[in-house]
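See below for the structure under consideration.
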Amino acid sequence: MLKKGDYIIFLSIAFLGVALLFFNFFGKQTGKTVIITEKGETVYEGSLSDDKTVTLSGNTVVIENGCAYIESANCKNQVCVNTGEISEKGETIVCTPNRVVVEVE
Amino acid sequence: MAKKISTYALLACVCLIFGYIESLVPLTAAIPGIKLGLSNSVALLLLTKRDIKGALAVNITRILLSALLFGSPFSLVFSLSGALGSMAAMLLFLKVKSVSVVGLSALGGTVHNIFQLLAAFFVLGSAVKYYLPFLILAGGISGALTGIISELILKKVKTNGKF
Ligand SMILES: [Zn+2]
């Protein structure tokens, strides 16, 4: 059923995915800043060590104990709430329906 | 002609139902944009029948209707970008003899997710690049699965006559 070309495709996808995954986790380091954007505009930028609750039009972002997470959201899929805490550089929470992005830098 | 149009309409409806069921049963709770993509089977079946216009028509109809019914303008942009990228990639490899439906579908799944993320890059900003490796791997796996389903359907369709 499977042919040679299939294996080449599978291997290329696996290689690309794993290489980029490695790149994501390589030299992982604790971030310093939280940047929150809503609908393309930066609405909050502050230190990860400052405990704070940022209320947006549809999402509540909590920064505490060096982590940021979305506590509650009015979106249908709740993916952003389920993402959980982020604290490492480059880690991101997105709420696609509300166009909210929380990023640790 | 009328028969063709009703076949396309039926296929678009099947895709809509697939899409709705998939939205009810998310594969992962934490990573945005990951789904099985059963609608891909329908586009794939039409492509293997060399019906490129049909695949395009069904796909675009499905995306527009599903955005109207369950989505938002931005989900429309994501799906459209993903579907067009995926179809272009599958079309490119359609004539390669050493690639079966399963490989084609895995490629389509990965390219779909890459293009979807590309659209998200413009809508949400560069931070979404964090999800690239997860989406590439998930696209390959879900694409291979829907490819196996497509192959099973193709076998049935072959024995039961025309599509
Ligand atoms: Zn959300």
Side-chain angles (χ1 to χ4, degrees), chain A residues 1-26 28 31 34-42 58 69-70 75-86 88-105, chain B residues 23-24 26 28-35 70-75 77-78 89 93 96-111 113-114 116-117 119-120 122-141 143-144 147-148 151-152 155:
Chain A
M1 185 160 112
L2 289 178
K3 299 178 193 162
K4 201 177 95 189
D6 294 331
Y7 292 108
I8 297 174
I9 289 176
F10 296 152
L11 284 175
S12 314
I13 294 170
F15 177 76
L16 190 66
V18 172
L20 288 168
L21 206 58
F22 188 73
F23 194 68
N24 258 17
F25 290 112
F26 185 67
K28 215 175 170 182
V34 188
I35 301 159
I36 303 173
T37 58
E38 186 179 28
K39 299 189 171 63
E41 276 168 45
T42 305
Y69 62 94
I70 293 190
C75 59
K76 243 194 291 178
N77 60 32
Q78 296 288 303
V79 167
C80 56
V81 177
N82 291 325
T83 304
E85 292 180 340
I86 57 169
E88 310 282 342
K89 213 169 168 176
E91 282 187 324
T92 301
I93 305 171
V94 298
C95 180
T96 314
N98 293 347
R99 286 173 69 202
V100 168
V101 180
V102 182
E103 191 191 5
V104 172
E105 264 300 315
Chain B
S23 78
L24 292 178
T28 67
I31 297 170
I34 290 185
K35 57 181 184 223
F70 328 112
S72 66
F74 290 104
S75 65
V77 174
F78 297 152
F93 281 78
V96 181
K97 289 247 160 48
S98 67
V99 174
S100 80
V101 170
V102 181
L104 211 55
S105 184
L107 176 79
T110 295
V111 174
N113 282 1
I114 292 174
Q116 199 165 44
L117 194 70
F122 290 109
V123 173
L124 297 167
S126 64
V128 296
K129 66 183 183 298
Y130 174 70
Y131 292 105
L132 185 61
F134 305 109
L135 288 173
I136 285 176
L137 291 172
I141 294 166
I148 292 168
E151 188 134 311
L152 293 174
K155 269 184 197 150

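Just so you know, these numbers use all the heavy atoms, side chains as well, and skip hydrogens, waters and symmetry mates. Here is how names work: the chains are called A, B, and so on, in the same order as the sequence lines, proteins then strands, and each is numbered from 1.
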Contact leader toward chain A among B/A138, B/A106, B/S75, B/G143, where contacts are heavy-atom pairs under 4.5 Å: B/A106

Closest non-hydrogen atom pair, A/G17 against B/P133: O-CB, 3.5 Å

Side chain, backbone, both or neither of A/K39 within contact of chain B (heavy atoms, under 4.5 Å): neither

Closest non-hydrogen atom pair between B/S100 and A/L2, with its separation: OG-CD2, 4.1 Å

A/V94 portion near chain B, given a 4.5 angstrom heavy-atom threshold: both

Residues which pass ring-ring contact (aromatic ring centres under 6.0 Å, His included) with A/F10, listed by chain and number, not counting sequence neighbours: none

A/I13 and B/I136, any side-chain heavy atoms less than 4.5 Å apart: yes

Pair B/F134-A/L21, side chain to side chain contact (heavy atoms under 4.5 Å, CB included): steps then yes or no: CA-CA 7 Å; B/F134 305 109; A/L21 206 58; 3.5 Å; yes

Option that, when pairs with chain B are counted at under 4.5 Å, heavy atom only, ranks first among A/I9, A/T92, A/I93: A/T92

Closest contact, heavy atoms only, A/V100 versus B/L124: N-CD2, 4.4 Å

Where B/A30 and A/N82 come nearest, the two heavy atoms and their spacing: CB-O, 3.7 Å

Taking every non-hydrogen atom, the tightest pair across A/K3 and B/K97: NZ-O, 3.3 Å

Segment of B/V96 engaging chain A (4.5 angstrom heavy-atom cut-off): neither

Engaged part of B/L135 at the chain A interface, taking heavy atoms whose separation is under 4.5 Å: neither

Residue A/E91 versus chain B: region with a heavy atom under 4.5 Å: both

B/Y130, part contacting chain A, at a heavy-atom distance under 4.5 Å: both

